[in-house]
Amino acid sequence: IEIGDDCFGLVKTFQIDGLKRLKTINIGGNSFTQVKQAEWDPLSYSEAVSRCIQSKSFNISNCESLESIQFGEYSFVDFAGDFELSNLPQLQSIQIGSIGNRSWNFFCCSFMIGSNDMILDSNR
């Protein structure tokens, strides 16, 4: 699945479940957010938090062949609800934004990746 830049700004729920042959998901920049890069950069922390939308959620699950997920800069910025990746046994890489650039991806939500052996939590 490939989604370009500046797409789906008004979407509140992003869910992919059970696509058994899906191998990659690439989401461009400024997608799945109402607050675009030009608006986001000058905001103070409290102003940014006030733009977060609790009812927005993100879920990818039960995609047994999914190997990689890539998020462009400033995508999913105002998603403040649930964020879940589950039952993705072939997942090898997740790229969020770009190294060395401010991205603001998932700024408004807790980000945790876990398995029985490992948990990565952005709140730590």
Side-chain angles (χ1 to χ4, degrees):
I1 293 175
E2 184 156 343
I3 297 170
D5 296 338
D6 299 302
C7 294
F8 303 110
L10 299 176
V11 168
K12 291 189 177 187
T13 301
F14 180 84
Q15 181 172 356
I16 294 176
D17 188 2
L19 297 181
K20 296 183 185 314
R21 294 170 45 188
L22 179 65
K23 294 227 182 234
T24 62
I25 298 172
N26 294 316
I27 297 170
N30 281 307
S31 291
F32 296 95
T33 185
Q34 289 176 275
V35 183
K36 302 300 183 185
Q37 179 178 356
E39 299 171 67
W40 202 259
D41 280 339
L43 296 177
S44 69
Y45 178 80
S46 61
E47 290 172 321
V49 168
S50 73
R51 300 275 184 106
C52 297
I53 302 169
Q54 294 293 328
S55 63
K56 289 187 169 188
S57 65
F58 178 93
N59 180 287
I60 300 174
S61 57
N62 304 311
C63 296
E64 61 191 41
S65 299
L66 185 63
E67 296 174 355
S68 69
I69 304 170
Q70 183 174 351
F71 302 99
E73 295 172 357
Y74 296 90
S75 289
F76 297 96
V77 174
D78 58 7
F79 269 56
D82 295 330
F83 177 91
E84 182 181 2
L85 301 175
S86 63
N87 196 22
L88 305 172
Q90 297 301 314
L91 187 62
Q92 297 173 20
S93 70
I94 301 172
Q95 181 180 337
I96 302 173
S98 304
I99 294 174
N101 292 328
R102 185 182 295 192
S103 295
W104 295 86
N105 303 83
F106 300 102
F107 170 79
C108 298
C109 68
S110 175
F111 182 85
M112 184 167 57
I113 301 171
S115 72
N116 292 339
D117 302 326
M118 170 191 75
I119 294 180
L120 300 173
D121 189 345
S122 68
N123 290 327
R124 292 186 186 173

For Lys56 and Val11, the nearest pair of non-hydrogen atoms, with its separation, is CE-O, 3.5 Å
Residue pairs fulfilling side chain to side chain donor-acceptor pair (under 3.5 Å) with at least one residue in residues 7-16, sequence neighbours excluded: none
Are the side chain of Ser65 and the backbone of Lys20 linked by a donor-acceptor contact shorter than 3.5 Å? yes
Determine the interplanar angle of the Phe83 and Phe106 rings, folded into 0 to 90°, and report it as parallel if under 30°, tilted if 30 to 60°, perpendicular if over 60°. perpendicular
One should read off an interatomic distance between Arg21 CZ and Lys23 NZ, to the nearest 0.5 angstrom, of 10.0 Å
Does Asp82 have more than 12 heavy atoms from other residues, nucleotides or ligands lying within 6.0 Å of its CG? no
Using the benzene-type ring in the case of Trp, are the ring centres of Phe107 and Tyr45 under 6.0 Å apart? yes
Quick check on the hydrophobic clustering: are Val77 and Ile53 connected, directly or via other members, by side-chain heavy-atom contacts under 4.5 Å? no
Would you give the length of the straight line joining atom CD of Gln34 to atom CG of Leu10, rounded to the nearest 0.5 angstrom? 5.0 Å
Angle class for the Phe14/Phe76 ring planes (parallel below 30°, perpendicular above 60°, tilted otherwise)? perpendicular
How about Cys52 and Cys108, are their SG atoms within less than 2.5 Å of each other? yes
Does the pair Phe79 and Phe58 meet the rule for a ring pair (Phe, Tyr, Trp, His ring centres under 6.0 Å), with working shown? CA-CA 8 Å; Phe79 269 56; Phe58 178 93; 7.1 Å; no
Close side-chain approach of Ile69 to Leu85, heavy-atom, < 4.5 Å: yes
Quick check on side-chain contact (heavy atoms from CB on, under 4.5 Å): which of Ile25, Asn26, Ile94 does Phe71 satisfy it with? Ile94
Rounded to the nearest 0.5 Å, how far does SG of Cys63 lie from CD of Gln90? 12.0 Å
Look up atom CD in Gln92 and atom OG1 in Thr24, then write down how far apart they are to the nearest 0.5 Å. 12.0 Å
Hydrophobic cluster identity match, Leu91 and Leu22, side-chain contacts under 4.5 Å: yes
Do you know which two heavy atoms are closest between Pro42 and Glu39, and how far apart they sit? CD-O, 3.5 Å
Can Ile1 and Ile16 be said to form a side-chain contact (heavy atoms from CB on, under 4.5 Å), step by step? CA-CA 10 Å; Ile1 293 175; Ile16 294 176; 3.8 Å; yes
For Gly4, does its backbone N or O pair with a side-chain atom of Ser31 as donor and acceptor, under 3.5 Å? yes
Any side-chain donor paired with an acceptor under 3.5 Å for Asn87 and Asn62? yes
Nearest-0.5 Å distance, OG of residue Ser68 to CG of residue Leu88: 11.5 Å
Point-to-point distance, once rounded to the nearest 0.5 Å, from OG of Ser75 to CD of Gln70: 10.0 Å
